[in-house]
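Only one structure is covered here, and it is reproduced in the block below.
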Amino acid sequence: MQEKILKNKKNGMAVLLIFSLLYIAAIVGLIFGCIYVETSAAAIALLIVSGIWLLVGWIPFCGLRILKPQEALVLTLFGKYIGTLKNDGFYFVNPFCSSVNPAAKTRLSQSGDVESGKSILLSAAQSATQSNMELANKKISLKIMTLNNNRQKINDCLGNPVEIGIAVTWRVVDTAKAVFDVDNYKEYLSLQCDSALRNIVRIYPYDVSPNVDTTGDGIADEGSLRGSSEIVASRIRDEIQQKVSAAGLEIIEARITYLAYAPEIAAVMLQRQQASAIIDARKMIVDGAVGMVEMALERLNEHNTVVLDEERKAAMVSNLLVVLCGNHDAQPVVNSGSLY
């Protein structure tokens, strides 16, 4: 379906004035026709014409359309697509044209569709009026909107369940495709966002893991959901764009808004991270302690401060490592006797 932009219909004000004057003239003609109906045949004709116009003269007013900036109106005439109004202004179209927007009543967790808390306090009459207005409003917003889908529980490439949420910034660029090529472009977008999120997340581990290829080149890399969020978001955006191009939508940006392990394994993974951190810290402490012991032995040998045999060196190394790698402060024991 090719989009057709109607640009020569911006004459709503002139039509409004003309038909308003004709309506006033019909009222005046009806009055004069009633006054002179018994004396003149022309008055009878004037009375008939004025009455007919008063009955059908309101129909042209149904063709008046007002568009604000960044709004569009898709028009059909007896089921045939005739064009789209996109620029802001006051338009006059065929009164029998109907506007089409299958997503007019769809409410998603996105900008422009989120109902405020005040709407809950509306009375029944106000709610019915609001529903009627929404039903009559078939305009399509061309503004940039943000879709914030619900968090999903997805298994990463290692099989660990993670919870992840994304925010997708999008807009309508082709109104004809959005209206006629898909059933409901908002629901279609939401479904494709969920599908693309699952397809990309299952490629990555939550954290960096060995022997994992996330790029598809056959070489293990350090990609992860936590450490490569920009790359993951970019791949999600490209995946969604490929799916929604047929619906006339443009995906501007996709961002990860929430990322965590699922509750059932969160505690275990936290212990795992703590254990990994403890091991790394211990490794650093041991490396530093060994270096300090080597330096102490070299300095003692260099200046011949104390001459130690291999057994005494082993004892000193053991004591120094215990002191340097221990969790508590050392309790020194002073030897006041002979070294041997």
Side-chain angles (χ1 to χ4, degrees), residues 151 153-166 197 200-236 254-340:
R151 298 173 186 173
K153 184 184 294 185
I154 307 172
N155 291 340
D156 65 1
C157 69
L158 300 179
N160 299 320
V162 297
E163 288 187 347
I164 185 171
I166 59 171
L197 183 62
I200 300 301
V201 169
R202 64 181 178 83
I203 300 175
Y204 288 84
Y206 179 86
D207 212 340
V208 177
S209 299
N211 302 323
V212 175
D213 175 24
T214 62
T215 58
D217 57 0
I219 302 175
D221 52 69
E222 296 184 351
S224 66
L225 296 174
R226 191 168 66 91
S228 308
S229 58
E230 294 291 335
I231 299 176
V232 174
S234 177
R235 293 184 68 175
I236 293 174
R255 290 288 180 182
I256 297 176
T257 57
Y258 181 84
L259 178 63
Y261 280 113
E264 57 266 24
I265 67 165
V268 177
M269 288 302 176
L270 178 60
Q271 293 178 355
R272 179 182 177 183
Q273 291 176 355
Q274 291 174 344
S276 178
I278 292 173
I279 292 173
D280 292 339
R282 288 293 182 186
K283 182 179 179 181
M284 184 179 297
I285 292 173
V286 171
D287 290 341
V290 171
M292 295 174 67
V293 170
E294 291 177 351
M295 182 182 65
L297 292 175
E298 289 177 0
R299 295 289 296 274
L300 290 173
N301 292 331
E302 180 181 355
H303 298 284
N304 294 322
T305 304
V306 178
V307 178
L308 302 174
D309 56 15
E310 295 300 325
E311 183 179 353
R312 297 299 188 278
K313 287 181 180 181
M316 187 185 74
V317 169
S318 176
N319 292 334
L320 285 175
L321 288 176
V322 170
V323 171
L324 294 174
C325 298
N327 288 330
H328 305 285
D329 295 335
Q331 300 292 330
V333 176
V334 179
N335 186 3
S336 59
S338 173
L339 184 62
Y340 296 99

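Numbering starts at 1 and runs along the sequence shown. Worth knowing before you read on, the calculation uses all heavy atoms, side chains too, and leaves out hydrogens, waters and symmetry mates.
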>> For the CD1 atom of Ile200 and the CD1 atom of Ile166, what is their distance to the nearest 0.5 Å?
In response: 10.5 Å
> Where the side chain of Ser224 meets the backbone of Pro205, is there a donor-acceptor pair that is under 3.5 Å apart?
Replying inline: no
>> Has Asp221 got a side-chain atom pairing as donor or acceptor with Thr214's backbone, closer than 3.5 angstrom?
In response: yes
> Can you name the nearest heavy-atom pair linking Ser228 to Glu222, along with the distance?
Replying inline: OG-O, 4.2 Å
> With Arg226, which of Ile256, Asp207, Val162, Val232 fulfils side chain to side chain contact (heavy atoms under 4.5 Å, CB included)?
Replying inline: Asp207
>> Could you report the tightest heavy-atom contact between Gly218 and Asp213, atom names first, then the distance?
In response: N-OD2, 2.9 Å
> Distance from Arg255 atom CZ to Glu230 atom CD, nearest 0.5 Å?
Replying inline: 4.0 Å
>> As an exercise, state the distance from OH of Tyr261 to CD of Glu163, rounded to the nearest 0.5 Å.
In response: 13.0 Å
> About how many Å separate OH of Tyr204 and OG of Ser229, when rounded to the nearest 0.5 Å?
Replying inline: 10.5 Å
> If you take all heavy atoms of Ile203 and Cys157, which pair is closest and at what distance?
Replying inline: O-CB, 3.6 Å
> Taking C-beta and beyond as the side chain, do Leu259 and Tyr206 meet within less than 4.5 Å on heavy atoms?
Replying inline: yes
> So how far is it from Ile154 CD1 to Arg202 CZ, rounded to the nearest 0.5 Å?
Replying inline: 10.5 Å
> Rounded to the nearest 0.5 Å, how far does CG of Leu197 lie from CD1 of Ile164?
Replying inline: 5.0 Å
> What are the two closest non-hydrogen atoms of Ile236 and Ala254, and how far apart are they?
Replying inline: CG2-CB, 4.4 Å
